[in-house]
2 protein chains.
Amino acid sequence: MNAAADTDLATCFAALGDPTRFAIVTRLMTEGPQSAGALLDVADISAPAVSRHLKVLRQAGVVHQQVDAQRRIYSVAPEAVQAIGRWSMTKREFWEGSLDRLATVLDDLQAE
Amino acid sequence: MNAAADTDLATCFAALGDPTRFAIVTRLMTEGPQSAGALLDVADISAPAVSRHLKVLRQAGVVHQQVDAQRRIYSVAPEAVQAIGRWSMTKREFWEGSLDRLATVLDDLQAE
DNA sequence: TTGTTAATTAACTATTGAGTTATTTATATG
DNA sequence: CATATAAATAACTCAATAGTTAATTAACAA
């Protein structure tokens with residue numbers, strides 16, 4: 001809601017705006033936490049390139065890093081995805097005529 | 001849900017990732033639709049710069065343009081904000097233990 | 001110790017992107 | 001018609017970013 005939170009959100013969007021990083025985050029969400037090396041095939045790029053993308057995501061607070069011996073295990077930060085959802089929801093008057101219809105959207109999601 | 005939709009979402013995130021563009025979108029949502037000229041003071045930049053930001057937002061589907069004589073009136077595209085919200089919601093298992101708690105979050109939002 | 005694996009950092013290149021001023025397009029108005 | 005207003009496009013500069021290969025750091029294993 002405040003200026004600082006908005007800045008963080010824009011940073012978050014910027015991090016997710018890169019196709020490779022979006023693919024990394026999608027992969028981590030659908031397949032669960034994995035190492036930097038396991039993420040190498042999300043795009044046809046080198047290990048250092050993936051490493052730098054992960055650094056951007058980490059600094060934006062989109063992913064968390066967990067050390068396991070030589071491996072670094074990455075996972076999606078729930079708070080980040082939640083923050084994006086909250087942003088959309090607080091602006092919902094722009095995509096919904098009334099709060100009543102929100103239930104319908106949620107019902108649709110459950111039906112998927 | 002499909003690959004094309006994901007690409008669009010990443011484009012959307014990229015558009016919102018720039019601080020100036022995020023400010024433009026926030027302004028349009030809180031104050032309602034307005035002309036390119038009226039948006040000039042969202043940042044200390046020239047009119048052509050604002051114009052180009054609006055073009056990026058329009059091409060990403062984040063804003064709509066409406067012609068009114070010489071003026072171009074811009075407004076936030078509800079579908080874009082909704083799409084972002086849906087993305088977050090479909091991934092909610094990463095930020096919520098169960099669907100039950102979703103109601104609590106929505107209650108919090110209503111209480112704001 | 002020595003070698004292997006995992007990942008990051010360093011150094012560099014090429015492209016993209018955001019900004020500028022000047023110009024063009026289009027509409028309204030004296 | 002001539003001029004003013006509104007916005008976009010053109011042409012350009014500079015900084016940021018995404019990619020590369022080579023080198024470094026760190027932990028495990030023979």
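Heavy-atom basis, side chains included; hydrogens, waters and symmetry copies ignored. The structure presented is a predicted model; accordingly, all values stated were derived computationally and were not measured.
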Worksheet item: Roughly how far, to the nearest 0.5 Å, is the CG atom of A:L16 from the CG atom of B:L9?
Response: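 Spacing of CG (B:L9) from CG (A:L16) equals 8.5 Å.
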Worksheet entry | Atom pair CG/CG of A:L54 and A:L39 - distance to nearest 0.5 Å |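 Atom-to-atom, A:L54:CG and A:L39:CG are 6.0 Å apart.
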Looking at residues at least two apart in the chain, or sitting in another chain, which of them share a side chain to side chain donor-acceptor pair (under 3.5 Å) with [X]?
X: A:D41; result: A:R27
X: B:Q70; result: none
X: B:Q65; result: B:Y74

Once side chain to side chain contact (heavy atoms under 4.5 Å, CB included) is applied, do any residues pair with [X], and if so which ones, sequence neighbours excluded?
X: B:P33; answer: B:I73, B:S75
X: A:A60; answer: A:T11, A:A15, A:V62
X: B:A47; answer: B:L40

N/O to N/O distances under 3.5 Å, protein versus nucleotides 26-28 of chain D:
none

To the nearest Å, how far apart are [X] [atom1] and [N] [atom2]?
X: A:L40; N: D:dG19; atom1: CG; atom2: P; value: 12 Å
X: B:I45; N: D:dC14; atom1: CD1; atom2: C1'; value: 16 Å
X: B:Q65; N: D:dA8; atom1: CD; atom2: C1'; value: 10 Å
X: A:I24; N: D:dG19; atom1: CD1; atom2: P; value: 9 Å
X: A:F22; N: D:dA18; atom1: CZ; atom2: P; value: 16 Å

Worksheet item: Using 30° and 60° as the class limits, which term best fits the ring planes of B:F13 and A:F22: parallel, tilted or perpendicular?
Response: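 Tilted, since the angle between the ring planes falls between 30° and 60°.
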Fill in: Residues from residues 47-63 of chain B lying under 4.0 Å of DNA chain D - heavy atoms
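Per residue number, the list reads B:P48, B:S51, B:R52, B:K55.
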Worksheet item: Any side-chain N or O of B:S35 under 4.0 Å from OP1/OP2 of D:dA6?
Response: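 The answer is no; no side-chain N or O of B:S35 sits under 4.0 Å from OP1 or OP2.
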Worksheet item: Between B:D18 and B:H53, is any pair of side-chain heavy atoms under 4.5 Å apart?
Response: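 Side chain of B:D18 against side chain of B:H53, heavy atoms only: contact under 4.5 Å found.
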Fill in: Selection residues 48-61 of chain B - residue pairs positive for salt bridge (charged side-chain N to carboxylate O under 4.0 Å, His left out), sequence neighbours left out
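Counting only pairs at least two positions apart or across chains, no salt bridge (charged side-chain N to carboxylate O under 4.0 Å, His left out) contact touches residues 48-61 of chain B.
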Worksheet item: Can you pull the contact range of chain A along DNA chain C, 5' to 3', using atoms under 4.0 angstrom from its heavy atoms?
Response: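 For DNA chain C, the relevant span reads C:dT5 to C:dA11.
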